[in-house]
> 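Got a structure for you, written out below as structure tokens; questions coming shortly.
Each chain gets a letter, A, B and so on, in the order the sequences are listed, and its residues count up from 1.
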Protein chains: 2
Amino acid sequence: MSRNQPTIADVARVAGVSRATASRAINNGPGASEPLRERVRAAVAELGYQPDETARALATGRQRAVDVIAVSYGSSAGWLGTHPYFSRVLAGMMPVLEGVNAQLRLHAVGQENAAEEIEEIAANATLGAVLADITPALATRFHRRSRRVVSMVPTATAVPAVQADNIGGADAAVSRLHELGCRRIAAIHGPDLNPCAIDRRAGYLQAVQRLGLPDLSADGGFLREGGYRAAQQLLAQHPDIDAMFVACDLMAAGAIQAITAGGRRVPDEVSVIGFDDSIAAVCANPPLTTMRLPVEEMAAAATRLLLAGTPATGHRQRFPVELVVRASTRK
Amino acid sequence: MSRNQPTIADVARVAGVSRATASRAINNGPGASEPLRERVRAAVAELGYQPDETARALATGRQRAVDVIAVSYGSSAGWLGTHPYFSRVLAGMMPVLEGVNAQLRLHAVGQENAAEEIEEIAANATLGAVLADITPALATRFHRRSRRVVSMVPTATAVPAVQADNIGGADAAVSRLHELGCRRIAAIHGPDLNPCAIDRRAGYLQAVQRLGLPDLSADGGFLREGGYRAAQQLLAQHPDIDAMFVACDLMAAGAIQAITAGGRRVPDEVSVIGFDDSIAAVCANPPLTTMRLPVEEMAAAATRLLLAGTPATGHRQRFPVELVVRASTRK
DNA sequence: ATGAAAGCGCTAACAA
DNA sequence: TTGTTAGCGCTTTCAT
């Protein structure tokens, strides 16, 4: 570094006080007279002094940063860039970090050496970490090293988490479709190993079983292309499908494209209901009826939990998943 | 902090060497014999030692972090969360930061006290900052305090920048529509003050003028709702429109919804061409033909520039904007 | 109320 | 090659 920033010693000298007094004045700490505080303020302004957060962090032992960890399945660029989820968690965190003088550090850890990277992040964690989409095993690993952590997806029981009712949401979606008169309700699911995908699949299965409907499932891998292909395939195999429950909006947008490209109308011939209420839902045409996952609120809650101290082991904060009606389901 | 992590002193003691030797071994520095290195490695493993990056940063004077700054016009949550742009810049940066032991710090600065926040970030910058969407005035402010900065949008001449050919891209889009036989080409523009929006508008104007077409412009504010409304209005005022150039995909997705909701077909009756090639383009139905803004590549380049040292004042790296043909334009 | 001085955990001159 | 020592810029006892 070639920065030649003024230090607190400069401020102290210009103000004609000791470094300790300068520090007290700058941090609004107790034990400094108003006249001296004023001189320090003047010196700060004159020099354009900005405290070095690194030194401050070392001296106090706490750095006031919250880490966000996302695992990059395959190429980090692909997942992080194309899935609307991450920007929503960031969007949810930023406002609560506003004005509390805390940094937001973003980490994309690769799959291979994930364990080591997690360890290192945990070792340097300060306020703590928000686990955006990590497996229970890795979450446990982090938790063992630092308890200042909260997961945003279903995880190991010990790890604090904010979680949405994915099962209930999926069930509600299918029930809704059933109320609308649909009887051949297909589903497009996410990756087998994804905790959220697992729950949404369970919710679908639970609903069709209760309602006495057939299980018409396909896999879409949480990606738009997968949703497109799955919908095509479903339509080919079961031409009488009158509705689709799609486990994420991105896939649902693809599914709608496939349905209309195949010459059927949405929602007149087939109703589609997505999951997430992400940007993909409003960009789809017709706009998607979907189950809203309150990602921003969850991320905000997770951040507040960290700001408030060390979350209790096993802590759970639940969030409802609610129906948002748009135009992809019939009246 | 109640962390009780082992320090390098513990490692040194366990390994039976001095702290200096331990440091040398840990950092693969020169001047340490293999046997001692081995003992240090063993001690590190035994204690589960992880170097404290803060202390390291203070000692070396460089913290190896790159900052990303996004200005939050209105609510920070809204903009950051709903616009696909930011996640693309993050996605572009992450891979180049991989394995170089550098953190990514994210800042959303509010509009009111933007100047101060910018100053503070600049003062604590280490590798430097990527300005995602900042005004020329603020960029200049940052540049004055730290030269380690690169803007991703058109900016003041002194500030280093990576920039795409927005004017040329917009012109090319209109030209393309003209080649396709369209003669009533409307446009939906972004915010008046947004540097990218300004250039895209200029490109449209330049093209219609050259081609002898009428200027059919409306404003959409770079948001989907704005695109929807602008398209409705355009269609009402000029029923003979046969194409639309829309300055961003998010607005274009809205425009397509408005067009089809109004009973016209895309692309048969009206062709639509967007800008960005964001997630909104592939979620739209039909999928959008668009001008691809290589955001990830630009963000990666910006990051590499910072990693390589202090970018030269006024540095410019240009990126092409290319046509991506999908289904929203007629053949 | 103020200042002197001791660290925070680490790296990097300098000595040995 | 190894160890000793002096900081990095700041906060925070502890005297005064």
> Are A/Q103 and B/D67 close enough, and set up right, to give a side chain to side chain contact (heavy atoms under 4.5 Å, CB included), and what steps lead you there?
CA-CA 10 Å; A/Q103 298 181 343; B/D67 298 272; 5.6 Å; no

> Please give, in whole Å, the distance from D/dT12 P to A/N27 CG?
8 Å

> Let me confirm one number: the CZ-CD1 distance from A/R105 to A/I121, rounded to the nearest 0.5 Å.
9.0 Å

> Enumerate the residues from residues 8-20 of chain B whose closest heavy atom to DNA chain C is under 4.0 Å, giving them by residue number; use none for an empty result.
B/I8, B/R19, B/A20

> Looking only at side-chain atoms of A/R24, point me to the closest of D/dC10, D/dT13, D/dG3.
D/dT13

> Does the side chain of A/R64 come within less than 4.5 Å of A/E53's, by heavy atoms?
no

> For D/dT2, does OP1 or OP2 lie under 4.0 Å from any side-chain N or O of B/T21?
no

> Tell me whether B/N27 contacts the main-chain N or O of B/G29 through its side chain, where contact means a donor paired with an acceptor under 3.5 Å.
no

> Atom CG of B/N124 to atom C1' of D/dG9: distance rounded to whole Å?
11 Å

> How many whole angstroms separate atom CG of A/N28 from atom C1' of D/dC10?
16 Å

> For residues B/T155 and B/L131, determine if any side-chain heavy atom of one lies less than 4.5 Å from a side-chain heavy atom of the other.
no

> For B/G31 and for B/L58, find the nucleotide of DNA chain D with the closest heavy atom, then tell me which residue's nucleotide is more 5'.
B/G31

> Can you establish whether the number of heavy atoms outside B/R41 located under 6.0 Å from its atom CZ is more than 12?
yes

> Below 4.5 Å, heavy atoms only, C-beta onward: do B/L307 and B/L97 meet side chain to side chain?
yes

> Please list, in 5' to 3' order, the outermost nucleotides of DNA chain C lying under 4.0 Å from any heavy atom of chain A.
C/dA1 to C/dG9

> So, do B/Q5 and A/R145 sit near enough that their side-chain heavy atoms are less than 4.5 Å apart?
yes

> Taking all non-hydrogen atoms of both residues, which atom of A/A299 and which atom of A/V89 are closest, and how far apart?
CB-O, 3.4 Å

> Return the value, rounded to whole Å, for the distance between atom CD1 of A/I26 and atom P of D/dT12.
13 Å

> Check the distance between D/dC10's C1' and A/Q50's CD and give it to me in whole angstrom.
15 Å

> Which is true for A/S33 with a 4.0 Å heavy-atom rule: it touches a base, it touches only sugar-phosphate, or it touches nothing?
sugar-phosphate

